[in-house]
Number of protein chains: 2
Amino acid sequence: MYTESIEDYLKAIYEIQKENGKVSTNSLSEMLSVAPASATGMIKKLSEKKLVTHKRYQGVKLTKAGQKISLEIIRHHRLIELYLAEALGVPWDQVHEEAEKWEHVLSEDLEDRMDAALGYPTRDPHGSPIPSRDGTILELDSIPLADLRAGQSAVVDEVSDHDPDLLRYVGKMGLYPKTKFKVLSIEPFNGPIKIKVEKSEHILGPGAAQYVFVTDIKGSKSEASQ
Amino acid sequence: MYTESIEDYLKAIYEIQKENGKVSTNSLSEMLSVAPASATGMIKKLSEKKLVTHKRYQGVKLTKAGQKISLEIIRHHRLIELYLAEALGVPWDQVHEEAEKWEHVLSEDLEDRMDAALGYPTRDPHGSPIPSRDGTILELDSIPLADLRAGQSAVVDEVSDHDPDLLRYVGKMGLYPKTKFKVLSIEPFNGPIKIKVEKSEHILGPGAAQYVFVTDIKGSKSEASQ
DNA sequence: AATAGAATTTAGTGGTATCTAAAAATAATA
DNA sequence: TATTATTTTTAGATACCACTAAATTCTATT
C-alpha cells in the first residue's frame, strides 16, 4: 500500500492532467496546498517508484501503474460520495470533503459492498463517472453551460465538485445532473444567463456557468459545437 | 484534533484500564504492537498534553480530558461496527478491523447520521455498549461463560472482539449477543463445556468460554455470583 | 544576445512516530 | 541484604512529509 500523501498526489496529477493537459510542479503544489518544494520532493519519490515520469521543468505524467492507482482512489472517492448521498442523505455539497478522508481507508471488500448496495452505479452525485474496478473510465464530451446560446435546451451532465458554495448555488436552482433546462437569454461578454428549470426561471452567474457541464443540446447551434 | 496515533493510544489505555486495572508501558506497547520505547515516548507526549497522568514505573491513567477523547473514539468505533454489520452486511468477525481505520475519519455529522439511521443503538455487534455523545458508557456486569455451572441457563451479553477466529468459532454455534443458551455439562479444570443453543448442542472450548460474557443467569448458583 | 521574471530545484530544518541498543530504575528472589 | 530479573527509560537513528530560503534553470522581452 501507498501512503495517504502519495495517493493524494497521484489523484491530483490525474485531475490536473485531465483539466490542463500539462501537470507542472506549481499546479500540483497549488492543488494540494503545499509549497512548491514539497511537490518537487514528492515528484522525485513518485518517479523512483515508477508511478510517474518526469522531465525537469517539463511536468509529470502518470505511468500505467500510476494511473491505475489514481483511478482506484477516484473510484473510492466517487463511490463513497454517492453512498453518503444515497444511504445517509448527506447533501451534495458536503460529500466531497467527507470522501477525501474516507477514500484512503476503504477496503476492497467494502468497496464491493457499497458498489452492490448502490446497484453498480456509473456516476457520482455530481455526475462524474465512477471508474470501473479494472481501471477504465467513461470520457465525457459535455461542454460548459456558459457556451450555450439563447434558445437552446440541454441536460446537466456534470458539475464541478471542488467548491461547496458553487454546488449550493446551482443546487438552489435545481441544476442537478440529468436535469433538463432551457437557456432563455445569455448576455454577451460573460454576462448573466437566464435559464428555465422545470417551471421556474433563474439567473446564473457566468462564473458558475463555467463549471456546469451539459450535454444533449437541442436548438440552434452552440459556439462550442461548431 | 489529535493524531491517529494519539487516538489509538488513548483508546488502548482505556481498554487496558478496564481489563487489567493498571496500564503499564509494556501492556500498551504490546496492545499496539510497538516497541516499549515507543510507548514511553507517547506517554510522555500524552502527559504533556494533560490527557494522562503518569508516575514512573507505576503506569498511566486517563485524565478527564483523556477519557472523553477515548470514549469518543470508542463511540465512533462501535457505531461504525454496527453500521457496517447492519447496513452493509459485513460479518461480525470483520467489522472490527474495518472500524479500526474508519474511526479516525468519522465526522460529527456522519456520526449523527449513522446513529439516527441505526435508531440510536446502545450496543455494537459484539454486545459492547456504545458510549453516548456526552461520554457516558454503560458498565456491564456480565461474567465469563466459563464460570457457569452445569444446568444453568444464561443469555450472551458480550463477546470479545479482538480475535476474528474466536468470533467465527462462537458464531458458528450461534452464540451472538441476546442469544439464550443452557449449560448441559462443564468439565473441571477448564475442560470443555457442552451447551445447548436453540435446539442444537455444541462443545465449547474453555479458552473461548473465557471471552464470552453472559448475563441473566438462571438455575443453580454460579461460582462467580457467590 | 542579454536580462528580467517565473518556475523549479536544492539545501537545510522541524515535527511526528517509529526502531534498536544500552542504561537505569524497580521488583523479585536467594 | 545482595543479586538477579524485569520493566521502563534514555540515546541515537530512520522514514515520511512538510516548511523556508537560496540557488538554479528555463522563458520571454527588450
Side-chain angles (χ1 to χ4, degrees), chain A residues 1-17 19-62 66 69-70 73 100-101 103-105, chain B residues 1-14 16-17 19-62 65-66 69-70 73 100-101 103-105:
Chain A
M1 271 315 283
Y2 295 97
T3 65
E4 208 168 303
S5 270
I6 286 180
E7 292 184 350
D8 282 337
Y9 273 92
L10 290 175
K11 189 161 64 102
I13 291 167
Y14 182 91
E15 279 161 5
I16 297 169
Q17 199 168 58
E19 261 188 48
N20 299 10
K22 191 191 156 190
V23 185
S24 65
T25 301
N26 268 357
S27 63
L28 253 182
S29 80
E30 200 179 328
M31 166 146 307
L32 293 166
S33 303
V34 296
S38 306
T40 297
M42 182 56 89
I43 288 168
K44 209 172 169 185
K45 172 176 291 183
L46 295 176
S47 268
E48 282 161 7
K49 291 188 188 294
K50 311 262 189 203
L51 297 172
V52 303
T53 53
H54 180 227
K55 284 187 195 139
R56 286 166 60 104
Y57 294 88
Q58 302 260 100
V60 290
K61 225 190 128 202
L62 291 168
I69 297 164
S70 302
I73 306 296
E100 284 288 302
K101 299 179 297 182
E103 62 190 9
H104 302 293
V105 296
Chain B
M1 271 315 281
Y2 295 97
T3 65
E4 207 167 305
S5 269
I6 286 180
E7 292 184 348
D8 283 337
Y9 275 91
L10 290 175
K11 188 162 64 104
I13 291 167
Y14 182 92
I16 297 170
Q17 199 167 59
E19 260 187 49
N20 299 11
K22 191 191 154 190
V23 184
S24 66
T25 301
N26 268 359
S27 63
L28 252 183
S29 80
E30 200 180 327
M31 166 147 308
L32 293 166
S33 302
V34 297
S38 306
T40 296
M42 181 57 88
I43 288 167
K44 210 171 168 186
K45 172 174 290 181
L46 295 177
S47 267
E48 283 161 6
K49 292 187 188 294
K50 311 262 189 204
L51 297 172
V52 303
T53 54
H54 180 228
K55 284 187 194 138
R56 285 167 59 104
Y57 293 87
Q58 302 261 99
V60 290
K61 222 189 130 204
L62 291 169
I69 297 164
S70 302
I73 306 297
E100 284 289 302
K101 300 178 297 182
E103 62 190 9
H104 302 293
V105 296

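Chain naming here is simple, since letters A, B, ... match the order of the sequence lines and numbering starts at 1 in each.
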5' to 3', nucleotides 2-15 of chain C under a 4.0 Å protein heavy-atom cut-off (B base, S sugar-phosphate only, - none) gives -----SBBB-----
Would you say [X] reaches [N]'s phosphate, i.e. side-chain N/O to OP1/OP2 under 4.0 Å?
X     : N      : value
A/S38 : D/dC19 : yes
B/S5  : C/dT18 : yes
A/Y9  : D/dA18 : yes
B/Y2  : C/dT16 : no
A/T3  : D/dC16 : no

Expressed in angstrom and rounded to an integer, what is the separation of [X] atom [atom1] from [N] atom [atom2]?
X     : N      : atom1 : atom2 : value
B/E7  : C/dA17 : CD    : C1'   : 15 Å
A/L28 : D/dA18 : CG    : P     : 11 Å
A/L10 : D/dC17 : CG    : C1'   : 15 Å
A/K49 : D/dC17 : NZ    : C1'   : 13 Å
B/L46 : D/dT9  : CG    : P     : 13 Å
A/L32 : D/dC16 : CG    : P     : 18 Å
A/D8  : D/dC17 : CG    : C1'   : 12 Å
B/I16 : D/dT7  : CD1   : P     : 14 Å

Just so I know, are the side chains of [X] and [Y] near enough to count as touching, which here means a heavy-atom distance under 4.5 Å?
X     : Y      : result
B/K11 : B/L32  : no
B/V23 : B/V52  : no
A/D8  : A/H104 : yes
B/M1  : B/E7   : yes

Please name the pair of heavy atoms, one in B/A65 and one in B/K50, separated by the smallest distance, quoted to 0.1 Å.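 Minimum heavy-atom contact is CB-O, 4.3 Å.
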For a quick test of reading the model, state the closest non-hydrogen atom pair linking A/Y2 to A/K49 and the distance between them.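 Closest approach of A/Y2 to A/K49, heavy atoms only: CE2-CD, 4.1 Å.
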Atom NZ of A/K61 with >12 non-hydrogen neighbours under 6.0 angstrom: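 At most 12 heavy atoms, drawn from other residues, nucleotides or ligands, come within 6.0 Å of this atom.
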